[in-house]
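Read through the structure below, which is laid out as structure tokens, and then see the notes.
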Protein chains: 2
Amino acid sequence: MTVSITDVAEATGVSASTVSRALRGRPGVSEEMRARIVAAAAELGYTASRSASSLASGRTCTIGVVVPYVGRWFFGTVLDAAEKVFSAAGYDVLLYNLGSPEARKRFFTKLPIRKRVDAVLSLLIPDPEEATALRSLDVPLATTVGGARPGFTVVGIDDRGGAESAVRHLVNLGHRRVGMISGASEPLHWTTPLDRRRGYLDVLADAGIEPDPALETDGAYTVEGGERAMSELLALRHPPTAVFAQSDEMAMGALRALRRHRLRVPDDVSVVGFDDHELSEVIGLTTVAQPVAAQGREAARLLLAQLDDPDAGPADPVEMPIRFILRETTAPPHSRRQR
Amino acid sequence: MTVSITDVAEATGVSASTVSRALRGRPGVSEEMRARIVAAAAELGYTASRSASSLASGRTCTIGVVVPYVGRWFFGTVLDAAEKVFSAAGYDVLLYNLGSPEARKRFFTKLPIRKRVDAVLSLLIPDPEEATALRSLDVPLATTVGGARPGFTVVGIDDRGGAESAVRHLVNLGHRRVGMISGASEPLHWTTPLDRRRGYLDVLADAGIEPDPALETDGAYTVEGGERAMSELLALRHPPTAVFAQSDEMAMGALRALRRHRLRVPDDVSVVGFDDHELSEVIGLTTVAQPVAAQGREAARLLLAQLDDPDAGPADPVEMPIRFILRETTAPPHSRRQR
DNA sequence: CTGTTAGCGCATTCAC
DNA sequence: GTGAATGCGCTAACAG
């Protein structure tokens with residue numbers, strides 16, 4: 001049978017309230033008594049029922065984390081870092097993995113998270129209705145991707161500036177036909193693809209290059225998508241000499257497509273990614289690095305701070321540093337002929 | 001203010017019990033009444049408090065998932081698949097990410113999961129004491145890695161056979177000095193590294209090759225570890241001509257080390273991995289593929305089945321198929337000279 | 001410092 | 001088919 005607080009109380013010869021106070025470290029218990037109670041609890045293998053204690057106290061000691069795809073490197077890494085902060089602070093993590101539109105819809109209409117969590121960290125940007133639903137939870141909210149949302153603490157990066165540095169690098173090398181592999185078609189409503197696209201267009205405009213819609217393809221933020229997108233670009237009458245992929249995973253897909261087409265990187269085509277995936281260095285991919293784990297940690301930290309100070313609103317937006325990393329997948333156009 | 005079951009009852013003019021029955025689809029409520037109640041609940045935005053309902057019913061509708069590193073591809077992928085099965089069945093997922101020995105110890109001593117979940121899926125193999133702790137939870141248990149554990153439903157692969165196929169491939173190519181990069185030093189107590197090592201030794205024995213302890217290095221199952229391990233192997237007086245890495249991530253680290261040492265793959269050194277990481281195809285890594293997501297799905301499915309049939313014990317061990325995939329990182333030794 | 005008294009919000013007996 | 005009691009295990013006021 002499961003051991004409850006009264007068992008510990010009886011074993012120690014005190015009341016349940018004293019046991020409760022003692023075990024939670026609340027004041028008003030003599031150290032001697034506390035020690036006895038702790039010992040008895042340990043011996044009996046007692047653990048407080050979270051259901052009962054949250055029903056009584058109103059606090060769940062649980063944080064909800066909403067993720068589009070746990071399996072993807074970026075989200076897995078953010079989650080890993082955030083979970084460590086939460087669990088170190090004594091919170092449990094309730095995970096919601098909303099990859100499919102159905103799962104996502106089910107979640108936001110039924111909102112199974114209501115009354116279950118003390119705060120929510122969303123790794124996907126909710127659309128306006130979803131944001132409203134989350135706000136109706138009436139708990140602190142934070143997010144690590146994309147633009148500001150009222151009521152949310154947001155920890156992010158300068159996506160536009162990052163994209164600019166990547167594309168400017170290509171333009172400076174002399175490329176005039178610069179393709180882009182983005183993830184615009186995803187049903188995620190995050191601002192990341194849009195911001196990165198804006199950076200891309202900014203640099204082209206600066207350089208006096210007329211943007212060509214045919215050079216923008218959709219890679220759905222996956223390796224396979226990136227491969228497909230690159231193939232489309234190569235099928236063009238005038239294929240690009242350089243490609244900016246909005247994520248390293250899509251860039252890796254692009255590299256695969258190029259290899260299949262027997263094109264050399266960077267001699268025939270240059271490729272730049274974004275994120276600095278843990279395997280990008282292995283591959284030698286030029287990219288824009290962002291501090292992924294740090295974003296998860298920071299968002300978690302801010303959420304906990306909000307939890308400690310109940311009448312604090314969301315924290316000010318935090319922008320984490322990014323940096324361009326030159327590796328081996330970029331070179332001047334047709335550098336092959338210059339040898 | 002938060003809306004409770006009595007609010008819905010008052011709004012409909014019935015008792016709380018009827019609301020409870022109606023909303024959970026239990027018999028004993030007229031369809032007409034049920035419709036009215038459902039409508040009222042929707043309008044008020046009512047969601048049952050999980051704390052209260054699990055306190056009253058004893059069921060939590062929550063599954064605990066224990067993972068060593070959510071950020072790693074293998075575990076993220078398993079988790080992703082399992083979560084989808086659980087949430088589709090109406091269960092929430094409580095995530096415990098136990099990468100560090102401290103987190104792990106904290107978890108198993110305090111067992112915060114007690115009374116919080118209806119079942120546990122462990123993606124790490126608990127050592128005997130930890131297994132005992134989990135069994136004391138008295139809920140169905142499953143795992144997707146490594147060897148059988150009494151009381152656990154296990155879904156896995158033939159690690160030994162997989163390692164054999166990888167190493168045999170190298171031996172058949174003519175390699176006699178075959179190194180191995182493993183993860184034996186990890187404090188994970190899983191049987192995977194041991195089983196894969198056994199496969200490695202079996203093949204060497206079959207081929208009449210004396211195993212050389214110096215050829216076995218530790219890569220800690222990470223890219224960086226693999227790189228370090230490969231460097232150690234290259235520093236040997238007689239470096240190996242081929243390397244079997246127990247995971248693709250370590251193999252990728254090895255590839256990086258080789259590149260830094262200006263050695264060519266597979267001309268100078270052959271490399272085989274294990275897992276078929278999503279980026280292995282991009283890199284052209286020869287490896288042993290295992291159905292990662294399928295293992296998560298299957299384990300989740302079996303756990304739910306056990307939940308449906310309370311007096312069913314753990315399911316019989318399931319062994320998922322693996323297959324050797326020949327790509328571009330392996331060749332006969334010194335093939336360079338044969339050109 | 002400690003014990004007593006009330007709920008927290010729901011599910012589950014029983015009556016009717 | 002529905003309502004009234006009862007209790008799940010704990011926390012939080014309040015006494016003492």
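Chain naming here is simple, since letters A, B, ... match the order of the sequence lines and numbering starts at 1 in each.
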Atom [atom1] of [X] to atom [atom2] of [N]: distance rounded to whole Å?
X: Ile5(B); N: dG7(C); atom1: CD1; atom2: P; result: 19 Å
X: Arg116(A); N: dG9(C); atom1: CZ; atom2: C1'; result: 14 Å
X: Leu55(B); N: dC8(C); atom1: CG; atom2: P; result: 13 Å
X: Arg36(B); N: dG1(D); atom1: CZ; atom2: C1'; result: 13 Å
X: Arg24(A); N: dG9(D); atom1: CZ; atom2: C1'; result: 13 Å

May I ask you to verify if any side-chain N or O of [X] is less than 4.0 angstrom from the OP1 or OP2 atom of [N]?
X: Thr18(A); N: dG3(C); result: yes
X: Ser57(A); N: dA12(D); result: no
X: Arg50(B); N: dA11(C); result: no
X: Arg34(A); N: dT2(C); result: no
X: Arg26(A); N: dT11(D); result: no
X: Ser53(A); N: dC10(D); result: no
X: Ser20(B); N: dA11(C); result: yes
X: Arg21(B); N: dT2(D); result: no

* Between Arg50(A) and Asp92(A), is there a salt bridge with N-O shorter than 4.0 Å? -> yes
* In plain terms, say whether Lys105(B) and Glu102(B) are close enough for a salt bridge, that is, a side-chain N and a carboxylate O under 4.0 Å apart. => no
* Can a cation-pi geometry be assigned to Arg72(B) and Phe74(B), taking NZ or CZ under 6.0 Å from the six-membered ring centre and within 45° of the ring axis? -> no
* Asked: When all nucleic acid strands are considered with a 4.0 Å heavy-atom cut-off, which category describes Ser17(A): base, sugar-phosphate, or nothing?
  -> base
* Structure fact -> Nearest heavy-atom approach of Glu83(A) to Leu95(B) is OE2-O, 3.7 Å
* To do: Assign each of Val19(A) and Ala16(B) to its nearest nucleotide of DNA chain D by heavy atoms, then name whichever residue's nucleotide is nearer the 5' end.
  => Ala16(B)
* Of Val29(B) and Ala56(B), whose nearest nucleotide on DNA chain D comes first from the 5' end? -> Val29(B)
* **From OH (Tyr96(B)) to OG (Ser122(B)), nearest 0.5 Å** => 13.0 Å
